[in-house]
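Written out below as structure tokens is the structure these notes cover.
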2 protein chains.
Amino acid sequence: MTKRQIHLGLFILGTGSHIAGWRYPGAFDSFQDLSQIQEIGRIAERGKFDLIFMGDNLYADPAAHPSYTARLEPLTMLSALSVTTKHIGLGATASTTYGDPFSTARAFASLDHISNGRAAWNAVTTSNAVTGANFGRAHPDHALRYEIAEEFVGVVKQLWDCWDDDAIVADRASGLYIDPAKVHALNHDGKWFQVKGPLNIGRSPQGQPIVLQAGGSAPGQRLAARTADVVFSVVQDFDEAQKQYASFKALLPEFGRQAEHVTVLPGVMPVVGRTDREAFDKLKTLQSFVSSTNAVAMLSDRFGKDMSVYDLDGPIPDDLKPSDAYHAFASVMLAKARRENMTLRDLYNLTAAARGHWVLCGSAETVADTLQHWFENGAADGFNIMPPYFPGGFDDFVDLVVPILQERGLFRADYEGTTLRDHLGLARPEPKR
Amino acid sequence: MTKRQIHLGLFILGTGSHIAGWRYPGAFDSFQDLSQIQEIGRIAERGKFDLIFMGDNLYADPAAHPSYTARLEPLTMLSALSVTTKHIGLGATASTTYGDPFSTARAFASLDHISNGRAAWNAVTTSNAVTGANFGRAHPDHALRYEIAEEFVGVVKQLWDCWDDDAIVADRASGLYIDPAKVHALNHDGKWFQVKGPLNIGRSPQGQPIVLQAGGSAPGQRLAARTADVVFSVVQDFDEAQKQYASFKALLPEFGRQAEHVTVLPGVMPVVGRTDREAFDKLKTLQSFVSSTNAVAMLSDRFGKDMSVYDLDGPIPDDLKPSDAYHAFASVMLAKARRENMTLRDLYNLTAAARGHWVLCGSAETVADTLQHWFENGAADGFNIMPPYFPGGFDDFVDLVVPILQERGLFRADYEGTTLRDHLGLARPEPKR
């Protein structure tokens, strides 16, 4: 049996995960330019990554993170990217609160056909309440969003199974194109959705595109345990990650699943140098680019309240608590800030750096050692790599850290399969009906 | 001043517009295989076409036209196709009844960025009532669909104008990425939609992606006169086309527009041979592939009722009339059938051939002469070419007919601009606010 392998996802949030990464010398500064995305795709495949995964938002806030506000739409962008990549999985975010199951199932099945089996759907419930105003609806509360999401994801998965694999006959002699007996209506009649089906696209190369999820709250964890193939988590240190990993994997048997059925990837923003010193200098440079307007806007977004009312150099306010939006981010950041007696300014620097994700700064050896430690000690199945900026901040990881992981036999030297399921070691499922 | 030029659109309906075109020897028989679409794109650019335009449906009917039922989703597919094409416009169908303005505006702006200014939105209200069952909603009636569509298209166009062209500053020195003063909320509060905006993507290369429309009914014509840049029409003969063309162009001044602002492209399925005889033999072969099940299903779809109850060899039933669905198709086909004393079987053969569109069969000279006659006599600004099958049925047109049109100075010898607006001779609009 092959040694257990690290899985690597690349998280793309436009100009980079660092709020001011685009200001770094030589950094890409557009997220509307396909040629830059194509370059990122080439680097990711050079690094033999499992997948590229696009975050998303459905609102614009010109004062906050630029990548939230001026960006390509994920499904169109990844469809284009599928043409200039060959191996890597392509994960797009789509909302269960502001989409519909038929269109969502169809778009991802289409991406799966287009990419020959590399599509993944990051199913999110959409945290930010301002989104509702772009869709003429009140933003549902956290519990309701997850109730809707449970049904939504279930319907999408059933829609993907409407077609038998051999339903398209295309027999020129008889004139039979589709065997109607092999295409099954769904007739879903639920609390939130009524969807007759079948989908108007045949079963896709992966059978079911991969489902990604990132929900950190209790309902989010349960939704992921029931439906996700890959889980992104928000953590700030090893103990926390280990605890979260164990508690998530412990949920799986309840849903008839085993630990190896779901790949858990903590998010990490690596800042890599040839030495620890060099890496810390890079981080310092990055942090020097943060403007307080940006950081306070990001913090306000994360905590769902106006943070500009507090004294930046005072302690973390006692009454500050995670809101309905970004529950996992806010909880993890607050816990760390209180544990480490941070000021609000420290917290905002932390948030500006990686939006609340773990920042791992050091030499390539340091970074590789840390990742290996997490991987081998029950804290991760791999990592969701969130470069602070592109392309340099990603090149550093791919060219300096990946080769070490490969030498240690922890990460593939080359792609062995063709689909994202292959990369993740997941079998192609039979249709369930 | 340059001589007025014919505009050519390629209509893609999967395996071809002929219901059984996929059975033709050598024809492509999949619409889920990107490599076949890429080949079609290469042929279209060899033919210097203005645009490729994808029809769409939001339901599956395994017994009807195969292309309705097993196909890639248009936006993902055209995004992928944008990468292997350089010049041609890319038009995707998206529904105003089963979509939402924010997501629609965003996706087409994204495609416009990805393709460097080649995106077009075919705004449809979705005719077929069974669609509602895939979205948990009652299908609105014809009048209501158009009322909703008027508001929907207006909101989308305003969303495209939320960003000034120079709103993205990306100034590394100052740290200003977006100038908030140049990004404008919409605050639309209408009868059907409430959309705050702004869009989370900057203004796209064309300023406004091109809007296509095909509605043949009176409300459809008015919507097109108000909002469309290109109109596809359904016609069966010259007199009718001339009348329709004149009446549509006469509507434009009411909306502050002129005849040259909207390109009218009647749909035509060309069946081209080296001689008229060869062309008619091809059509005969194509028609021999039609199965009665397919044809009756297509006819039932077009007329919104079960057509299998009628005697195929009897006359056109007196009580048969255009229904709410596919109003233009049904009207045009019925008028022709009654004018020409067709039997129901004749009607179904006509429908099977091109779903109710005009079939133009003959030698390349015959076809070119006819198109020129229409173009020069107030019946068309160009044509929406609907090949019966791919690639041969399209190669015939591009390799045999296009050179004749070029020799006669009626069609471009090469692309002169880079965006779809350039091909259509339309200026890039300033944002309206």
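To find a chain, count down the sequence lines: A is the first, B the second, and so on, and within it residues start at 1.
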### Query
Which residue pairs pass the salt bridge (Lys or Arg N to Asp or Glu O under 4.0 Å) test when at least one of the two sits in residues 96-117 of chain B, sequence neighbours left out?
Asp56(A)-Arg106(B)
### Message
So, using ring-ring contact (aromatic ring centres under 6.0 Å, His included) as the criterion, who are the partners of Tyr59(A) when residues are at least two apart?
### Response
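Scan of Tyr59(A) (ring-ring contact (aromatic ring centres under 6.0 Å, His included), adjacent residues dropped) gives none.
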Does [X] reach the main-chain N or O of [Y] with its side chain, forming a donor-acceptor pair under 3.5 Å?
{"X": "Tyr177(B)", "Y": "Asp29(A)", "answer": "yes"}
{"X": "Asn134(B)", "Y": "Gly197(A)", "answer": "yes"}
{"X": "Gln32(A)", "Y": "His113(B)", "answer": "no"}

Please rank [options] by heavy-atom pairs under 4.5 Å with chain B and give me the top one.
{"options": "Ala27(A), Gly99(A), Pro25(A)", "answer": "Ala27(A)"}
{"options": "Leu176(A), Asp61(A), Asn187(A)", "answer": "Leu176(A)"}
{"options": "Leu34(A), Asp179(A), Val195(A)", "answer": "Val195(A)"}
{"options": "Asn57(A), Asp189(A), Leu159(A)", "answer": "Asn57(A)"}

#### Entry: Leading residue by heavy atom contact count with chain A [cutoff under 4.5 Å; candidates Val155(B), Leu75(B), Thr76(B)]
Thr76(B)
Can you say whether [X] sits under 4.5 Å from chain A via the side chain, the backbone, both, or neither, judging by heavy atoms?
{"X": "Ile37(B)", "answer": "neither"}
{"X": "Ser174(B)", "answer": "backbone"}
{"X": "Asp33(B)", "answer": "neither"}
{"X": "Ala185(B)", "answer": "neither"}

### Task
Test Leu72(A) against Ile114(B) for side-chain contact (heavy atoms from CB on, under 4.5 Å), laying out the working first.
CA-CA 8 Å; Leu72(A) 299 174; Ile114(B) 287 170; 4.0 Å; yes
### Task
Mind telling me whether Phe102(A) and Phe135(B) have parallel, tilted or perpendicular rings, with 30° and 60° as the class edges?
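Correct class here is tilted.
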### Message
Thr84(B): which residues meet the side-chain contact (heavy atoms from CB on, under 4.5 Å) condition with it, sequence neighbours left out?
### Response
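Val83(A), Gln38(B), Leu81(B).
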### Task
List the atom of Ala60(B), the atom of Pro198(A), and the distance in Å for their closest heavy-atom pair.
CB-O, 3.7 Å
### Query
Looking at Ile178(A) and Thr69(B), what are the two nearest heavy atoms and their distance?
CD1-CG2, 3.4 Å
### Message
Is there a side chain to side chain donor-acceptor pair (under 3.5 Å) between Ser79(B) and Ser79(A)? Walk through the geometry before answering.
### Response
CA-CA 6 Å; Ser79(B) 298; Ser79(A) 299; 5.1 Å; no
Can you tell me which portion of [X] sits under 4.5 Å from chain B's heavy atoms? Options are side chain, backbone, both or neither.
{"X": "Leu78(A)", "answer": "neither"}
{"X": "Asp171(A)", "answer": "backbone"}
{"X": "Leu58(A)", "answer": "both"}

#### Entry: Heavy-atom contacts under 4.5 Å, residues 160-170 of chain B to chain A
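When heavy atoms of chain A are the reference, residues 160-170 of chain B contributes Trp163(B), Ile168(B), Ala170(B) within the under-4.5 Å range.
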### Task
For Ile201(A) and Glu73(B), run side-chain contact (heavy atoms from CB on, under 4.5 Å): C-alpha distance rounded to whole Å, both residues' side-chain angles, the deciding distance at 0.1 Å, then the answer.
CA-CA 8 Å; Ile201(A) 182 167; Glu73(B) 182 277 332; 5.8 Å; no
